[in-house]
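Excluded from the calculations below are hydrogen atoms, water molecules and symmetry mates; all remaining heavy atoms, backbone and side chain alike, are included.
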Amino acid sequence: MRLTGRATTTVPRAIPVPLSAYVVDCAVYVQGRRLPGRWSHERAVQEVRGRDDAFVWIGLHEPDDEQITGIAETFGLHELAVEDAVHAHNRPKLERYDDMLFAVLKTVCYVGHAEPTTAAELVETGEVMAFVGHDFVVTVRHGNHSGLHEVRRALEEDEEQLALGPASVLHAIADHVVDSYLEVTDAIERDIDLMEGEVFEPRSKVDSEQIYVMKREVLELRRAVMPLGPPLRRLAEGYSSLIPHDVRSYFRDVDDHLTSVAERVTGFDELLTTLVDAVLAKITLRQNDDMRKITSWAAIISVPTMIAGIYGMNFDNMPELHWHYGYYGVWLVVGTVCTFLYRTFRRNKWL
């Protein structure tokens with residue numbers, strides 16, 4: 001997505017400084033163009049303060065309380081938002097602290113497996129927090145799959161978009177996160193389609209445990225997708241003066257994509273519930289077939305068992321007890337009755 005912006009200008013060169021291990025990148029942008037060199041957050045703030053066409057974007061990866069303290073003091077970040085950014089495990093949300101916005105977005109990554117198991121995750125989640133002010137963006141990432149390097153690179157190639165300031169960065173991050181939702185949704189849809197085909201095969205090996213694993217992963221995706229809708233709509237409706245009018249329409253576009261993902265995720269949940277019911281019905285039907293087979297063979301075996309039990313009793317006066325062909329007669333009766341029962345059960349598809 002492209003946004004409109006202003007022309008570029010000549011800018012000073014930064015003094016090279018080493019970046020900390022938790023600082024992924026720190027850059028100063030003037031009218032959409034990145035200033036060369038490396039910047040510390042203190043010098044970057046000094047460079048942009050007092051200018052209307054510049055801002056700082058600093059990216060952090062899983063900082064602790066001590067590491068983020070200096071940056072929080074430099075940019076004036078609210079302590080409650082800083083606490084959320086350090087400890088993570090938040091729902092997607094958007095909060096306003098005076099002249100600053102704090103946004104939390106859940107990132108997702110699909111991890112494929114040959115077959116779902118109870119110990120394997122199909123969807124890994126992370127978090128991206130963004131502090132947005134008039135002249136700065138501070139992003140805090142949790143998770144190894146939630147990198148924003150490609151987002152930063154794409155933005156730096158589009159000076160017009162960056163020229164609109166920190167709001168364009170927030171939009172690019174939200175767009176990137178929602179695009180990842182689409183990719184994960186497509187992957188899960190393929191898995192569910194394969195699972196659906198196996199469930200309705202006559203001799204399928206899919207059991208309810210595999211479907212429950214998939215259902216659990218869909219629930220994880222749902223927790224990332226569903227709460228993000230209201231924050232995006234608030235950004236599109238002018239929730240803060242930090243979001244220029246030109247950027248709001250792009251947030252509406254991101255919200256449209258998120259709505260599509262949310263509808264598909266809801267459909268996945270309903271389909272998986274149907275598949276669970278289908279698997280349970282197949283198990284019940286298979287058990288009924290097994291019970292009919294067991295009952296049929298028990299009825300057949302009961303014939304010789306009954307005859308043997310009767311003639312095994314110690315009575316002298318029993319019919320045909322001393323008959324010369326009694327042994328052969330018993331086998332004839334047993335074979336005839338058992339054959340009749342077997343054919344009857346086969347005809348009724350019990351065997």
Side-chain angles (χ1 to χ4, degrees), residues 89-93 105-127 143 145 177-230 232-233 255-300 344-351:
H89 305 296
N90 298 289
R91 298 176 74 252
K93 62 181 180 178
L105 300 93
K106 282 280 190 180
T107 60
V108 296
C109 178
Y110 178 79
V111 181
H113 297 285
E115 182 175 299
T117 62
T118 54
E121 289 187 351
L122 297 178
V123 177
E124 292 183 356
T125 60
E127 291 183 28
H145 66 272
V177 170
V178 173
D179 284 345
S180 69
Y181 293 166
L182 290 170
E183 295 174 1
V184 173
T185 302
D186 290 338
I188 290 180
E189 185 174 26
R190 290 192 294 269
D191 284 347
I192 293 179
D193 288 342
L194 291 175
M195 186 174 292
E196 183 181 14
E198 292 179 1
V199 164
F200 291 102
E201 287 183 358
R203 300 182 180 275
S204 64
K205 297 182 180 180
V206 178
D207 56 23
S208 57
E209 182 181 16
Q210 297 177 10
I211 301 178
Y212 276 121
V213 171
M214 182 65 71
K215 193 174 180 66
R216 181 191 64 192
E217 300 306 308
V218 170
L219 178 60
E220 191 73 18
L221 179 60
R222 185 188 183 99
R223 289 171 179 168
V225 172
M226 296 303 184
L228 186 57
L232 287 179
R233 285 189 286 273
D255 183 46
D256 289 341
H257 293 169
L258 184 70
T259 301
S260 175
V261 173
E263 292 174 352
R264 293 174 66 184
V265 171
T266 301
F268 293 161
D269 189 55
E270 295 174 354
L271 179 57
L272 288 172
T273 300
T274 302
L275 292 181
V276 170
D277 294 339
V279 169
L280 294 178
K282 288 187 65 176
I283 293 174
T284 301
L285 182 60
R286 190 180 302 118
Q287 290 175 342
N288 290 338
D289 291 339
D290 293 341
M291 287 301 300
R292 285 189 292 185
K293 290 180 181 179
I294 294 172
T295 302
S296 299
W297 286 112
I300 294 173
T344 301
F345 291 137
R346 287 282 292 182
R347 185 172 58 254
N348 294 328
K349 297 182 179 181
W350 281 41
L351 289 175

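At most 12 heavy atoms of other shown residues, nucleotides or ligands fall within 6.0 angstrom of atom OH in Y212.
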D193 vs E189, side chain to side chain contact (heavy atoms under 4.5 Å, CB included): CA-CA, chis, key distance, verdict: CA-CA 6 Å; D193 288 342; E189 185 174 26; 4.0 Å; yes
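Counting heavy atoms from C-beta on, the side chains of R264 and D186 come closer than 4.5 Å. Counting only heavy atoms from C-beta outward, the side chains of T266 and R222 approach each other to under 4.5 Å. A heavy-atom distance below 4.5 Å is found between the side chains of M214 and I188. Between K106 and L228 there is no side-chain heavy-atom pair separated by less than 4.5 Å.
Nearest approach of I211 to M195, heavy atoms of both residues: CG1-SD, 3.5 Å. In terms of heavy-atom proximity, A224 sits nearest to Y181 at O-OH, 3.4 Å. Pairing each heavy atom of T125 with each of V108, the nearest pair is CG2-CG1, 4.1 Å. Residues G229 and D255 approach most closely at O-OD1, 3.9 Å, considering heavy atoms. Residues V184 and Y110 come closest through the heavy atom pair CG2-N, 3.7 Å. Residues P92 and R223 share a closest heavy-atom pair of CD-O, 3.9 Å.
Atoms CZ and CG, from F268 and L221 in turn, are 8.0 Å apart once rounded to the nearest 0.5 Å. For the atom pair E263 CD and L258 CG, the distance stands at 10.0 Å (nearest 0.5 Å). Considering OG1 of T107 and NE2 of H145, their distance stands at 3.0 Å, rounded to 0.5 Å. With rounding to the nearest 0.5 Å, the separation of CG in N348 from CZ in R346 is 11.5 Å. Taken from CG in L232 to CG in L105, the straight-line distance is 7.0 Å, to the nearest 0.5 Å.
A donor-acceptor contact shorter than 3.5 Å links the side chain of K215 to the backbone of D269. The main-chain N or O of L275 is never found under 3.5 Å from a side-chain atom of E196 such that the two would form a donor-acceptor pair. One N or O on the side chain of T274 and one on the backbone of E270 form a donor-acceptor pair closer than 3.5 Å. Panel note: side chain E124, backbone V111; no donor-acceptor pair is recorded below 3.5 Å.
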